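Because the structure is predicted, anything quoted here is derived from the model rather than measured.
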Amino acid sequence: MPLPLIIWAVSDGRAGIENQVLGLAEAVARISPAKIIKKRIRYNDLFDRLPSALKIMPDRMLSPGSDTLDAPWPDIWIAAGRATIPHSSRMRARSKGQTFVVQLQDPRHNLKAFDLVIAPEHDHVAGGNVLSIIGSTNRIEATKLNNGLKAWRNKLKGLPKPRVAVLIGGRSKAYDLDAAHARILAEEVHAAITQAKGSVLLTVSRRTPLEARVVIEDILKDLPGIIYDGQGDNPYFAFLKAADHFLVTEDSVNMVTEAASTGKPIQILSLERRSLGSGEKFEDFHETLRAKGITHPFNGTLAGASYPPLDETRRAAEYLLDMYHSRK
């Protein structure tokens with residue numbers, strides 16, 4: 001029996017980035033035996049904002065809390081995020097070609113530095129070593145969802161259907177969510193769930209401004225359901241499994257993609273644009289999903305239908321392994 005592949009899953013530790021890396025690594029491990037080693041790296045504040053090209057000694061620039069990146073090298077390196085680029089782009093040379101280097105998202109770097117780049121279609125990255133996928137890789141798979149549901153089964157039991165998962169993002173480079181807009185959204189969501197005689201499963205993100213979060217939680221609190229306040233065990237996987245319907249803010253490719261992995265109806269909650277022309281690549285992403293019948297705009301009532309679950313993570317994992325074995 002061949003030895004398991006050694007995979008390093010490398011990120012700066014931010015949940016959204018790390019989940020993409022771990023999601024792909026775990027998908028590879030479900031196809032081919034593998035040992036996954038999580039690596040988190042961050043730069044010293046003095047060097048963090050330097051362009052990748054100027055991080056000429058990246059190991060020495062890392063903050064003391066970072067994981068070490070030393071030999072023995074992995075068989076497969078999967079990384080995402082700006083912090084990883086100086087290390088990813090050197091890994092083939094450092095490992096003397098032993099390590100197959102995979103970079104997620106648009107690296108904004110010479111693509112030839114990597115064996116494989118897996119980037120969202122809406123980033124419009126093109127090259128012979130590029131795989132374009134819809135949305136982002138993620139950790140959503142049956143076992144995680146089933147285990148998540150078990151942990152929350154008692155609290156979910158008896159909630160009226162449809163159970164509506166409301167996934168709220170927030171402020172980003174392209175979008176904003178202030179208290180006034182949060183109130184409008186929350187009141188429309190409340191009316192729709194009330195009309196459907198359903199229940200709410202609410203979770204917000206780290207990017208949700210506090211004032212918006214307070215408004216949304218206050219307006220939705222009288223509905224039957226669960227409002228996750230960030231304390232204790234995270235019910236996110238349970239929400240994905242238990243929900244009959246999703247309402248997701250347009251700013252988060254990750255949350256929309258994860259909801260789409262369930263095959264359940266999704267409607268998109270509009271946010272405010274922070275500047276003229278911002279969010280254009282997000283619109284490309286949403287247009288793709290609308291064209292496939294996966295998502296629909298939210299216009300005050302619950303709508304939409306089921307569809308074949310989106311599983312771009314498995315497709316990416318299969319493509320990665322095919323390329324890896326073809327190089328050996």
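In this structure the side chain of Tyr175 never reaches within 4.5 angstrom of the side chain of Thr249, judged on heavy atoms. Using a 4.5 Å heavy-atom threshold, the side chains of Phe237 and Asn147 count as separate. Considering only heavy atoms from C-beta on, Leu320 comes within 4.5 Å of Phe100 through its side chain. For the pair Glu188/Phe298, a side-chain contact is recorded, criterion being any heavy-atom separation below 4.5 Å from C-beta on.
With hydrogens and angles disregarded, a donor-acceptor distance shorter than 3.5 Å links the side chain of Thr137 to the backbone of Gln20. Put simply, the side chain of Gln267 gets close to the backbone of Thr301: a donor and an acceptor are under 3.5 Å apart. Under the 3.5 Å distance criterion, the side-chain polar atoms of Asn129 are matched with a main-chain donor or acceptor of Phe114. Side-chain atoms of Asp123 do not come within 3.5 Å of backbone N or O of Val125 as any donor-acceptor pair. Although no hydrogens or angles enter the test, the distance criterion places a donor-acceptor pair under 3.5 Å between the side chain of Gln98 and the main chain of Trp73. With hydrogens and angles disregarded, no donor-acceptor distance shorter than 3.5 Å links the side chain of Asp218 to the backbone of Val214. With Asp284 contributing its side chain and Glu121 its backbone, the two residues share no donor-acceptor pair below 3.5 Å. Proximity of a side-chain donor or acceptor of Ser88 to a complementary backbone N or O of Ile85 within less than 3.5 Å is not detected. For the pair His181 (side chain) and Ser270 (backbone), a donor-acceptor distance under 3.5 Å is present. Thr262 places no side-chain N or O within donor-acceptor distance of the main-chain N or O of Leu240, the cut-off being under 3.5 Å.
The hydrophobic cluster containing Ile56 also includes Met57, under a criterion of side-chain heavy atoms closer than 4.5 Å among ILVMFWY residues, counted directly or through chains of members.
A distance of 8.5 Å separates CZ of Arg213 from CG of Leu202, quoted to the nearest 0.5 Å. Put simply, OG on Ser261 and CD on Glu312 are 11.5 Å apart, with the number rounded to the nearest 0.5 Å. Note that CD1 of Ile193 is 13.0 Å distant from CZ of Arg163, once rounded to the nearest 0.5 Å. In this structure, OG1 in Thr68 is found 10.0 Å from CG in Leu62, a value given to the nearest 0.5 Å. Here CD of Glu26 is found 10.5 Å from OG1 of Thr143. Values are rounded to the nearest 0.5 Å. Distance check: Ile133 CD1 to Leu24 CG gives 8.0 Å after rounding to the nearest 0.5 Å.
Nearest heavy atoms, Asn234 versus Trp152: O-NE1, 4.0 Å. Residues Leu289 and Leu310 approach most closely at CD2-CD2, 4.4 Å, considering heavy atoms. Taking both residues in full, the closest heavy atoms of Asn138 and Ser136 are given as ND2-O, 3.5 Å, listed atom of the first, atom of the second, then distance. In terms of heavy-atom proximity, Gly300 sits nearest to Ala192 at O-CB, 3.4 Å.
The side chain to side chain donor-acceptor pair (under 3.5 Å) pairs that include a residue from residues 193-202 are His190-Thr194, where partners are two or more places apart or lie in different chains. Sequence neighbours left out, the pairs with a member in residues 246-270 that pass salt bridge (charged side-chain N to carboxylate O under 4.0 Å, His left out) are Arg207-Asp251.
Thr257 is linked by a side chain to side chain donor-acceptor pair (under 3.5 Å) to nothing, counting only residues two or more places apart in sequence or in another chain. Residues that satisfy the salt bridge (Lys or Arg N to Asp or Glu O under 4.0 Å) test with Asp311, not counting sequence neighbours, are absent from this structure.
Around the CZ atom of Arg290, the shell of radius 6.0 Å holds more than 12 heavy atoms that belong to other residues, nucleotides or ligands. Applying the 6.0 Å contact sphere to CG of Asp233 captures no more than 12 heavy atoms from other residues, nucleotides or ligands.
Of the residues Gln103, Gln105, Lys39, the one that meets the side chain to side chain donor-acceptor pair (under 3.5 Å) test with Thr84 is Gln103. Screening Asp322, Asp115, Asp75 for a salt bridge (charged side-chain N to carboxylate O under 4.0 Å, His left out) with Arg327, the sole residue that qualifies is Asp115.
Remark: aromatic rings of Phe239 and Tyr228 are distant, center separation not under 6.0 Å.
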Donor-acceptor pairs are to be reported for all side-chain atoms of residues 10-19 against protein atoms at under 3.5 Å, with residues two or more places apart or in another chain.
residue	atom	partner	partner atom	Å
Ser11	OG	Gly13	N	3.0
Asp12	OD1	Arg14	N	3.0
Asp12	OD1	Arg14	NE	3.3
Asp12	OD2	Arg14	NE	2.7
Asp12	OD2	Arg14	NH2	3.1
Glu18	OE1	Arg40	NH2	2.9
Glu18	OE2	Arg40	NE	2.6
Glu18	OE2	Arg40	NH2	3.4
Asn19	ND2	Ala15	O	3.2

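Residue Phe246 is grouped with residue Phe285 when hydrophobic side chains (ILVMFWY) are merged at heavy-atom distances under 4.5 angstrom, including chains of intermediate members. Residues Val253 and Ile294 fall within the same hydrophobic cluster, defined by Ile, Leu, Val, Met, Phe, Trp and Tyr side chains chained together at heavy-atom separations under 4.5 Å. There is no path of hydrophobic side-chain contacts, each under 4.5 Å, that joins Leu201 to Ile266. When hydrophobic clusters are built by joining Ile, Leu, Val, Met, Phe, Trp and Tyr residues whose side-chain heavy atoms come closer than 4.5 Å, directly or via intermediates, Leu131 is grouped together with Ile78. Linking ILVMFWY residues whenever their side-chain heavy atoms come closer than 4.5 Å, directly or via other members, leaves Ile184 and Leu302 in distinct clusters.
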### Task
Show your working on side-chain hydrogen bond (donor to acceptor under 3.5 Å, both in side chains) between Glu283 and His122 and close with a plain yes or no.
CA-CA 8 Å; Glu283 184 53 37; His122 60 265; over 6 Å; no
(request) Apply salt bridge (charged side-chain N to carboxylate O under 4.0 Å, His left out) to the pair Arg94 and Asp59, showing each step before the final yes or no. (result) CA-CA 12 Å; Arg94 294 183 73 180; Asp59 288 342; 2.8 Å; yes
From CA spacing to verdict: side-chain contact (heavy atoms from CB on, under 4.5 Å), Glu141, Thr313
CA-CA 10 Å; Glu141 53 87 27; Thr313 304; over 6 Å; no
If you apply the rule side-chain contact (heavy atoms from CB on, under 4.5 Å), what do you find for Met323 with Tyr319, and how did you get there? CA-CA 6 Å; Met323 282 196 67; Tyr319 189 91; 3.3 Å; yes
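Judged by the 6.0 Å distance and 45° axis criteria, Lys55 is positioned over the aromatic ring of Tyr43.
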